[in-house]
Amino acid sequence: MTRQPAVSARSDAAARPKKLFVLDTNVLMHDPTSVYRFEEHDVFLPIMTLEELDNHKKGLSEIARNARQVTRTLDEIVTSMDEAIDQGIKLSEPSHQLASGRLFLQTEAIASDLPAGLPTAKADNQILAVLIHLQRRHPDRPVILVSKDINMRIKARTLGLQAQDYFNDKVLQDTDLLYTGIRELPPDFWGEHARGMESWKHDGRTRYRLKGPLCAHLLHNQFLIAEGERPLHASVREVSGTTAEIETLTDYTHARNSVWGITARNREQNFALNLLMNPEIDFVTLLGQAGTGKTLLTLAAGLTQVLETRRYSEIIITRVTVPVGEDIGFLPGTEEEKMGPWMGALEDNLEVLNKSDENAGDWGRAATHDLIRNRIKVKSLNFMRGRTFLNRFLIIDEAQNLTPKQMKTLITRAGPTTKVICLGNIAQIDTPYLTEGSSGLAYVVDRFKGWKHAGHITLQRGERSRLADHAAEVL
């Protein structure tokens, strides 16, 4: 992960003057430890940034919690000061050597020197005035505004000031590079790796032990595809140096292996069901656009393992309640009733799963629906902190709208024998200031890849309808 700022070499950094980064309030509230993320460079906080933090500290929202955490962090930094505050406070000790620059706080009144059209009472414009003042005071140093607000950055650039996004929390600059969970093997794979190959049966599937240069680059639970004369669909079970163990898959495209009446319609769905039905995998992430079958496959796998094999006691579903349009206001009822309108996708998929048994009849389907609903609990994210889920099948829907911190809060709720599944489409983010690169879903995909008890697959093909597939392409 690229740390801010991106510096090519330490020797170059030593030769150049230290940069002075002026932080906007939204950066601090987005990442409460952001003052420690600028390595050897200095950080400046305008007094208006502190004032806005004070305005946001009350309440139970994530923003309020972050504002309070920033305030505590700044208090620790200021109390560690052993010299005049206008000389800057060394960050090396409070950051535990993570940063070696200094933190400067605005200690004097700065005259506003802005174009006549900009109102000086507005907080953003006062921060821009501070930036102009610092640029004039330090003509030999790059003075850079760091803000998550696009309009703020545009205004700064129109005034001839340097401005950039806060990218320290971004997993990737280009989401096309995000791990897909699949590796296509080269045509000469068997020629280079089949010498001395061992094979044996394990739980009805074939395992191979291979040696070769590509083995060192494989990851646990990565899916391997080889086409041609010797086609292969397999997953990586063990990796040790240039030796790897791979295992063939259960074919969920065949009706005899159907999961709650559902069969995989394409290669990626088959891979997803192999992850969802594997008891050794505790954490699964499924990415894909609308209609690729993420929710349907996950619910089918959950119901099978709750009601048939009894591996888990119940299914718990949660999601971020970020409205796409105007908010409809407060909703009446219990926690589950309040979450009802957000769970339309759950009801749609349960309807499909309930119809998968054609011989059940109307009474049978009604009884099955009641049984299913008794084993599915819908929970709000707001009440997750401090809980521990034992022996549950936990589904986090619309996970692309979670921040990395919220994602950590949820995943650490998992107790023994609990499986966590994160579903989402990082092209559909509704949370303000969250981007594809900084989404909690992209964060966990990148951090969990290669762990032997986690798996990921990016679903490519839509299977909803020809209309939905065409709309996804042309709209």
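Ion pairing between K148 and D165 holds under the 4.0 Å rule for side-chain N and carboxylate O. In summary, R237 and E245 do not engage in a salt bridge, as defined by a charged side-chain N under 4.0 Å from a carboxylate O. Here R141 pairs with D42 in a salt bridge; the nearest charged N to carboxylate O distance falls below 4.0 Å. Taking 4.0 Å as the cut-off between side-chain N and carboxylate O, R72 and D75 do not count as a salt-bridged pair. Ion pair E314/R375 not flagged as a salt bridge, since none of the NZ, NE, NH1 or NH2 atoms sits closer than 4.0 Å to an Asp/Glu carboxylate oxygen. Classification of E108 and R137 as a salt-bridged pair holds, one side-chain N sitting under 4.0 Å from a carboxylate O. In summary, R461 and E268 do not engage in a salt bridge, as defined by a charged side-chain N under 4.0 Å from a carboxylate O.
Between the side chains of K57 and Q69, not a single donor N or O lies within less than 3.5 Å of an accepting N or O. For the residue pair R311/N391, the side-chain donor-acceptor check at 3.5 Å is not satisfied. No side-chain donor-acceptor contact under 3.5 Å links R413 and T409. Defined by atom type and a distance below 3.5 Å, a donor-acceptor pair is missing between the side-chain atoms of N425 and K294. Checking T243 against R209 by side-chain atom types alone, no donor-acceptor pair falls below 3.5 Å. One side chain, K155 or N125, offers a donor N or O that lies under 3.5 Å from an acceptor on the other. Side chains of D149 and N151: no donor on one and acceptor on the other come within 3.5 Å.
To the nearest 0.5 Å, atoms CG (L131) and CG (L159) are separated by 9.0 Å. Atom-to-atom distance recorded for T285:OG1 and L178:CG is 8.5 Å, nearest 0.5 angstrom. Taking NE2 of H220 as the start and CG of L218 as the end, the distance is 10.0 Å to the nearest 0.5 Å.
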- Intermediate values then yes/no, side-chain contact (heavy atoms from CB on, under 4.5 Å), T298 and V284: CA-CA 10 Å; T298 305; V284 178; over 6 Å; no
- Query: Would I457 and F223 satisfy side-chain contact (heavy atoms from CB on, under 4.5 Å), going step by step from the backbone distance to the final call?
  - Reply: CA-CA 8 Å; I457 197 73; F223 291 96; 3.9 Å; yes
- Apply ring pair (Phe, Tyr, Trp, His ring centres under 6.0 Å) to the pair H453 and F448, showing each step before the final yes or no. CA-CA 9 Å; H453 299 294; F448 276 92; over 10 Å; no
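The number of heavy-atom neighbours closer than 6.0 Å to CD1 of I150, taken from other residues, nucleotides and ligands shown, is 12 or below.
Between I376 and I317, the shortest heavy-atom distance links the atoms CG2-CD1, 3.9 Å. In terms of heavy-atom proximity, S34 sits nearest to F38 at O-CE1, 3.0 Å. Nearest heavy-atom pair across N66 and M29 is ND2-O, 2.6 Å. Of all non-hydrogen atoms in E52 and H56, the two that sit nearest each other are O-ND1, 2.8 Å.
Ring orientation note: the planes of H30 and Y166 are nearly perpendicular, at an angle over 60° on the 30°/60° scale. Aromatic ring orientation, H193 versus F189: parallel (interplanar angle below 30°, classes split at 30° and 60°).
Between Y36 and H96, the distance separating the two ring centers is not shorter than 6.0 angstrom.
In terms of the side-chain hydrogen bond (donor to acceptor under 3.5 Å, both in side chains) criterion, R310 has no residue partners (sequence neighbours excluded). Looking at residues two or more places apart in sequence or on another chain, you find no side-chain hydrogen bond (donor to acceptor under 3.5 Å, both in side chains) involving T292. The side-chain hydrogen bond (donor to acceptor under 3.5 Å, both in side chains) check on R157 picks up nothing, with sequence neighbours excluded.
With I144 as the partner, the side-chain contact (heavy atoms from CB on, under 4.5 Å) test is satisfied by one option alone out of Q162, Q135, H41: Q162.
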